[in-house]
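Note sheet for the following structure.
The first residue in the sequence is number 1, and the count goes up from there. Every number for a ligand or one of its atoms is a count from 1 in the order of the listing.
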Amino acid sequence: MLIEPRQVKLTTRTEIDVRRTIPHARLRTIGAWCFVDHFGPTPQTDGMVVAAHPHTGLQTVTWLIEGQIEHRDSIGSVQLIESGQLNLMTAGYGIAHSEVSLQTQSNLHAVQLWIALPEESRNTDPHFEHHADLPVIHHGPLRAKIMAGEFLGQRAETKIYSDLMGTELRLAPGESSTVRVNKNFEHGFLVVESQAQLNEHEVPLHHLQYFEPGLEELTITNTGDTELIALLLGGVPLGEKILMWWNFIGRTHEEIAQMREQWNNRESRFEEFEDSIGGWIPAPELPNIHLQAR
Ligand code: MN
């Protein structure tokens, strides 16, 4: 299944557009991966200004292709992230954070992803990790940098709560490589730069190709004329219904309504913190329907 990205305007100070592939009407999750936003590349390197907002029941992953982003959160983390590094924030019971991109000579180009926490971990204490030294694999012409989980026999130290993997792949134009993948996983392959052929499937720039569990081998060919940059995301199918609304993941309407009230009333579930942006993003009105986990 080929997922076409859609343009979404983020709630920020600068009206930035992102390309969202999941959640999608035909594909809600890939393992526990439940949200994939691709931003840039843009020469407007200071274009991302996202004031304080909360999260619950998920992990946020920030992956930079180019540029610099500063992360701050309500448990005291202050972290600059650069290309090839990973910021991983486990929201658990509740956290608030802000992100601002810094002016650099290059472009700003990033992918932001969410991982849903399973029932037994979703109310864990919030924590934050920065990884600047992730494992790199050279497999013939293919270069893989592992963000989370295991790929080609190597494993990242990244803290995860369900059986999943994520890796950045790079391949020069015209090159091809075959890799073994976990057949218990479903997979998504997001083309960030160039275009690819994956087994018999043609995948255009910015699209995501989905594979059901059972896939054992993936032959990746860069059919474009620039370096292929892609993310391979995999995991055991989630196996539980989740309720994603705004920046929260819960299980029931009542729970989401409570999180919304607690954020908008500035209650202690989400601590306050200082940043250079100032202010905070209020949660929108709930829709006039009873939200249901799906
Ligand atoms: Mn966020």
Side-chain angles (χ1 to χ4, degrees), residues 8-23 29 32-40 46-65 67-81 85-102 108-117 122-131 147-148 158-161 166 231 233 242-250 256 259-260 262-264 266 269-284:
V8 176
K9 230 175 238 320
L10 288 191
T11 315
T12 70
R13 300 284 160 83
T14 51
E15 293 268 290
I16 56 173
D17 280 322
V18 298
R19 287 177 294 272
R20 186 164 298 162
T21 39
I22 62 165
T29 50
W33 298 98
C34 59
F35 188 92
V36 178
D37 267 3
H38 180 195
F39 173 67
D46 56 357
M48 181 181 280
V49 185
V50 186
H53 60 281
H55 288 289
T56 56
L58 59 91
Q59 295 176 288
T60 64
V61 171
T62 303
W63 184 256
L64 268 189
I65 315 293
Q68 290 186 338
I69 293 177
E70 186 187 84
H71 161 98
R72 287 180 186 250
D73 65 39
S74 56
I75 54 170
S77 319
V78 178
Q79 183 65 56
L80 183 71
I81 179 175
Q85 303 179 346
L86 181 78
N87 273 0
L88 177 74
M89 186 181 77
T90 302
Y93 180 70
I95 197 167
H97 77 142
S98 68
E99 286 179 299
V100 58
S101 60
L102 308 182
L108 176 61
H109 191 185
V111 186
Q112 295 202 300
L113 311 101
W114 294 357
I115 301 170
L117 292 172
R122 69 189 183 97
N123 288 314
T124 193
D125 288 339
H127 68 269
F128 177 82
E129 291 175 20
H130 174 73
H131 294 273
M147 296 154 52
T158 317
K159 175 75 175 162
I160 49 177
Y161 293 84
L231 297 189
L233 309 171
I242 60 173
L243 207 176
M244 283 177 67
W245 182 79
W246 194 49
N247 291 305
F248 304 130
I249 296 185
I256 294 288
M259 292 167 182
R260 180 187 172 278
Q262 287 169 328
W263 171 249
N264 282 356
R266 311 302 284 145
R269 182 174 189 149
F270 309 101
E271 302 285 343
E272 297 196 21
F273 64 99
E274 298 282 316
D275 64 20
S276 62
I277 306 169
W280 53 284
I281 303 173

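- The side-chain contact (heavy atoms from CB on, under 4.5 Å) search around Ile256 returns Leu243, Trp245, Phe248, Met259, Leu286, Leu291, not counting sequence neighbours.
- With a 6.0 Å cutoff to the six-membered ring centre and a 45° limit on the axis angle, Arg266 counts as a cation-pi contact of Trp263.
- Between Ala116 and Cys34, the shortest heavy-atom distance links the atoms N-SG, 3.7 Å.
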### Message
Could you go through His127 and Asp125, starting from their C-alpha distance and side-chain angles, then the distance that decides it, and tell me whether this counts as side chain to side chain donor-acceptor pair (under 3.5 Å)?
### Response
CA-CA 7 Å; His127 68 269; Asp125 288 339; over 6 Å; no
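- Any protein N/O/S atom under 2.8 Å from the Mn ion (ligand 1) was counted, giving 3 altogether.
- By the side-chain contact (heavy atoms from CB on, under 4.5 Å) test, Ser98 pairs with Arg72, Phe273, Asp275, Ile277, sequence neighbours left out.
- Partners of Gln79 according to the side-chain contact (heavy atoms from CB on, under 4.5 Å) rule, which considers only residues two or more places apart in sequence or in another chain, are Asn87, Phe128, His130.
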